[in-house]
Number of protein chains: 2
Amino acid sequence: MARLAGVSRATVSYVLNNTSAVRISEPTRRRVREAARELGYVPHAAARSLRAGHSRMVLMPAPAVPVGPLYSRFLDELQSALGRLDYTVVQYGAVGLQGDEAARAWAELRPVAVLVPGTGLGPQGVAVLKRSGARAVVTLGPERVDGAHALLTDHGAVGHCAAAHLRARGRRRIGVVVPEEPGLEAFSRPRLAGVRRALRGTEAAVTELPLAYTEQAAAELAARWRELGLDAVFAYNDEYAMLLMRALQDEGVRIPEEVAVVGADDLVLGRLLRPRLSTVHIELPSGRDLAELVDRAVRDPGGEPEVRKVLGASLVQRDSS
Amino acid sequence: MARLAGVSRATVSYVLNNTSAVRISEPTRRRVREAARELGYVPHAAARSLRAGHSRMVLMPAPAVPVGPLYSRFLDELQSALGRLDYTVVQYGAVGLQGDEAARAWAELRPVAVLVPGTGLGPQGVAVLKRSGARAVVTLGPERVDGAHALLTDHGAVGHCAAAHLRARGRRRIGVVVPEEPGLEAFSRPRLAGVRRALRGTEAAVTELPLAYTEQAAAELAARWRELGLDAVFAYNDEYAMLLMRALQDEGVRIPEEVAVVGADDLVLGRLLRPRLSTVHIELPSGRDLAELVDRAVRDPGGEPEVRKVLGASLVQRDSS
DNA sequence: TTGAAAGCGTTACCAG
DNA sequence: CTGGTAACGCTTTCAA
């Protein structure tokens, strides 16, 4: 830049980085600062990290599905926690790249750490990222990936929790709503599996209920409700629960007498329904903890990958079950 | 990298970029490709853009507030549209930097375009970005900023639409819910102003109703409802509308006889309430259009800044008003 | 058809 | 204390 400030580039670097190893005269500092402001000088991150051989960028693929308030909060917390640790968090617009191909695209940015929600990253992808200089790869999903740290979000626990509750309440024929919206299978499948697991070896039976998030789809499901002969339903989450409850009530099905309903996510919404919605409260990891994990991993890239279960599920009983 | 592939770096560059200006022998190409795969070679985006003097990165600050399905959809569309135009969309984790300070942080990444939702970027910030090589700066907010293209989202129109409707229905004492959640003022204030504008010069009166998004806050508001003497309320959006409606119904206030309620956002939710919720349907710009605007601006950085109104508001009347 | 070399903006290192 | 120089990985121009 301001070789035009009358000094050398090195001097500029010293001044702007407050390098303490060398001492620059006050007048010089002033000259440099002034010139910087005047020229609207902004350091060039790419050049810096090229020279340094590493960056402070933590890369996350941007979530593809509209994301609830829970995950939003978590993400926010994570970002500010990492920010305080002097990392720059960047969400990479996921443009439908698949798995290891995506990993290569991410690697081009040479992030110091990569945080991958969901599945789709294989051991190969992890290897690519690490070779390209990523000092930490952390997955946030149902299963661990070789070479990466893992935050295991076992959505099975959500279904398990709901099903165990329904069974304890004496319900035996249990429906499970499976959203038809694409992108939600990642959550709905494990939740369904969790229900199955909870009921294995009991006399209770599970019925899958595919459902699109529209009034009409819910009405159609409700119309054939009696012939399904269910006495309980785990509705995937609170929003689908609301959709289904309304349709059932319009159909004259009494809740919870004829059918118990349980949602998930513990949204404010559920408390506003009548009957009040029983739900599975989901506890995500604290953003601060995760930020610290990332920082630790970056500082000690050789360490054993940490694997940690991070999804807490607990039932909140209200009036719908 | 693969000087170890037996060829020169230039050759590698040619092969991997499919440079058509020069012709490389097929065997060489193969050798290079193979070596690249074997070594897990991934080009270094920073080096590339350093050399090229520009990047294909479109930068967006990540929204600070949990964002509804509307905006999510819009963002998704935008990202894939830009992806198809061969841009890389990156969301920068907003770490509470203010205005032009944030602009400097963004400028460090030398994005080719910056897309800024909300206020907080001043003309100075725009200038910094442009000087640092951004060929397009587009704001998405209530007012234009000198030097930047603007997509004007006039949330006043939302309030205006709701208020005009309520007035046409004969309501005269109109409450307006103002969320207490931080970060929402950016939307709630203009919406309130829009209501005021719609009712100016009429005999209708406006009452502000601050409200936190909790059951208790809603109950407290409902408890003193009669003394407020309102015959209509614009509830900020559908979610606050649901919250308030429930509290009012618990209090025995009849909707719409005693008080008409209008929400906004036209969520599925509103159709599930009883009475069905009247709402303001909001039309965001199509992601494709915006992507094209960005692309045009990048190709012709000298052009006049485009200023465009992009927020459509139309009332959907149901049973609550 | 291929190779060599320059240069993008930074910063570490060493000589003045 | 300050300034010159080299090197990070890449693309491009020029020469072989």
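Computed from heavy atoms alone, side chains included, the values below leave out hydrogens, waters and symmetry copies. The sequence lines fix the lettering, A, B, ..., with proteins before strands; numbering per chain opens at 1.
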Name every residue in residues 42-58 of chain B that has at least one heavy atom under 4.0 Å from any atom of DNA chain C, in order of residue number, or write none if there are no such residues.
Leu50(B), Arg51(B)

Using atom types as modelled and distance alone, determine if a side-chain donor or acceptor of Lys130(B) lies under 3.5 Å from a backbone N or O of Pro301(B).
no

Main-chain N/O of Arg110(B) paired to Ser55(B) side chain as donor or acceptor, under 3.5 Å
yes

How many Å lie between CG on Leu109(B) and C1' on dC8(C), as a whole number?
17 Å

Distance check needed: dT10(C) P versus Arg110(A) CZ, whole Å only.
20 Å

Looking at Arg288(A) and Glu292(A), does any basic side-chain N land under 4.0 Å from a carboxylate oxygen?
yes

Looking at side-chain heavy atoms only, is the closest gap between His149(B) and Leu293(B) below 4.5 Å?
yes

side-chain hydrogen bond (donor to acceptor under 3.5 Å, both in side chains) contacts in which one or both residues fall within residues 80-102 of chain A, not counting sequence neighbours:
Gln79(A)-Gln91(A), Tyr87(A)-Asp295(A)

